[in-house]
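See structure below.
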Amino acid sequence: LDLSNCSLSSLPPGLAEAAAVIVLDLTENPLTPLPNGSFLGFTHLQCLAVPLALECPGGSSAWEEVKTHQGSLFCQGQRNPCNSSRELAWPCPENAACAPDGPGLIQCLCDSPFHGYKCLREGTFPMLLFCGILGAVTLSLSLLLWGTERRKAKTP
């Protein structure tokens, strides 16, 4: 995806939709420093070119190779932060596995059959119980309202 020389001062809001991009060129733009998480979900990104005034997202440790060429900074070969020897700031909970989620970013995915906050709930959502209670309450309220409003109806 070539966004070079587009007079961008910040990343376009629709860039998140291009998360499957492999090569991204942002050179020759007056970009301000990129906020953390700007490339959330960009797990396939292998080459990123940014203006020399910026740094690679996730820091230089998130990339295999960081080099400068003709006034641009090239970040190549996104590293998997889950395989890193350095300690993670937010380790995943007991029933979850670490997965990359962009340059220097991770996500914790719950192991099956766990789900919910910190992967502490086991099993699946009780759909039958939920729908049964919701249906019974709706039917009861409908009958109650129909019965109370029926007496106001005029008979011919």
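No experiment lies behind these values; they were computed from the predicted model shown. Basis for what follows: all heavy atoms, side chains included, without hydrogens, waters or symmetry-related copies.
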query = Got a donor-acceptor contact below 3.5 angstrom from the Ser38 side chain to the Leu34 backbone?
reply = no
message = I want to check something: taking the side chain as every heavy atom from C-beta on, are Leu15 and Glu17 in contact at a cut-off of under 4.5 Å?
response = no
task = State, with a plain yes or no, whether a side-chain heavy atom of Gln76 is found less than 4.5 Å away from one of Lys67.
result = yes
task = Begin from the C-alpha positions of Asn5 and Thr27 and carry the test side-chain contact (heavy atoms from CB on, under 4.5 Å) through to its verdict.
result = CA-CA 7 Å; Asn5 201 12; Thr27 56; over 6 Å; no
inquiry  = If you compare all heavy atoms of Leu3 against all heavy atoms of Asn29, which two are closest, and at what distance to 0.1 Å?
reply    = O-ND2, 2.8 Å
key: Under 3.5 Å: donor-acceptor pair, side chain of Asn95, backbone of Phe114   = no
key: Path from Leu145 to Val137 over hydrophobic side-chain contacts below 4.5 Å   = no
inquiry  = Side chains of Leu105 and Asn36, heavy atoms from C-beta outward: is any pair under 4.5 Å?
reply    = no
query = Less than 4.5 Å apart, any side-chain heavy atom of Trp63 and any of Leu45?
reply = yes
ask   = Are Leu11 and Leu40 grouped together when hydrophobic residues (ILVMFWY) are joined by side-chain heavy atoms under 4.5 angstrom apart?
value = no
query = Around Glu64, counting heavy atoms of other residues, nucleotides and ligands shown, do more than 12 lie under 6.0 Å from its CD?
reply = yes
task = Please assess Cys47 against Cys75 for the test disulfide bond (SG atoms under 2.5 Å apart), listing each intermediate value before the final yes or no.
result = CA-CA 6 Å; Cys47 182; Cys75 317; over 6 Å; no
ask   = Does Ser72 reach the main-chain N or O of Ala49 with its side chain, forming a donor-acceptor pair under 3.5 Å?
value = no
inquiry  = For Asp2, give me all partners under side chain to side chain donor-acceptor pair (under 3.5 Å), at least two apart in sequence or on another chain.
reply    = Ser4
same_hphob_cluster(Leu52, Leu26) at 4.5 Å side-chain heavy-atom cutoff = yes
query = Hey, mind stepping through Ile106 and Asp101 against side-chain contact (heavy atoms from CB on, under 4.5 Å) and telling me if it holds?
reply = CA-CA 5 Å; Ile106 66 162; Asp101 201 17; 5.7 Å; no
inquiry  = For Asp111, I'd like to know if atom CG has over 12 heavy atoms of other residues, nucleotides or ligands within 6.0 Å.
reply    = yes
query = Could you walk me through whether Asp25 and Leu1 pass the side-chain contact (heavy atoms from CB on, under 4.5 Å) check?
reply = CA-CA 6 Å; Asp25 187 356; Leu1 179 61; over 6 Å; no
inquiry  = Do Pro12 and Leu8 have side chains that approach each other closer than 4.5 Å (heavy atoms only, starting at C-beta)?
reply    = yes
ask   = Does CG belonging to Leu139 count more than 12 external heavy atoms closer than 6.0 Å?
value = yes
inquiry  = If you define the side chain from C-beta out and look only at heavy atoms, does anything of Pro100 sit under 4.5 Å from Pro81?
reply    = yes
ask   = Could you give the distance from CZ (Phe39) to CG (Leu48), rounded to the nearest 0.5 Å?
value = 5.0 Å
query = Rounded to the nearest 0.5 Å, how far apart are OG1 of Thr138 and CD1 of Ile133?
reply = 11.5 Å
request  = Take the SG atom of Cys98, take the SG atom of Cys82, and say whether they are under 2.5 Å apart.
outcome  = yes
ask   = Under the 3.5 angstrom rule, does the side chain of Gln78 hit a backbone N or O of Phe42 as a donor-acceptor pair?
value = yes
remark   = Residues Pro51 and Leu31: closest non-hydrogen pair is CD-CD1, 4.1 Å
ask   = Would Phe74 and Val50 satisfy side-chain contact (heavy atoms from CB on, under 4.5 Å), going step by step from the backbone distance to the final call?
value = CA-CA 7 Å; Phe74 289 89; Val50 293; over 6 Å; no
request  = Looking only at non-hydrogen atoms, find the nearest pair between Ala62 and Gly58 and report the distance.
outcome  = CB-O, 3.6 Å
query = Are the gamma sulfurs of Cys119 and Cys110 separated by less than 2.5 Å?
reply = yes
key: Glu55 atom CD: more than 12 heavy-atom contacts under 6.0 Å   = no
key: From CG (Leu109) to CD (Gln107), nearest 0.5 Å   = 4.5 Å
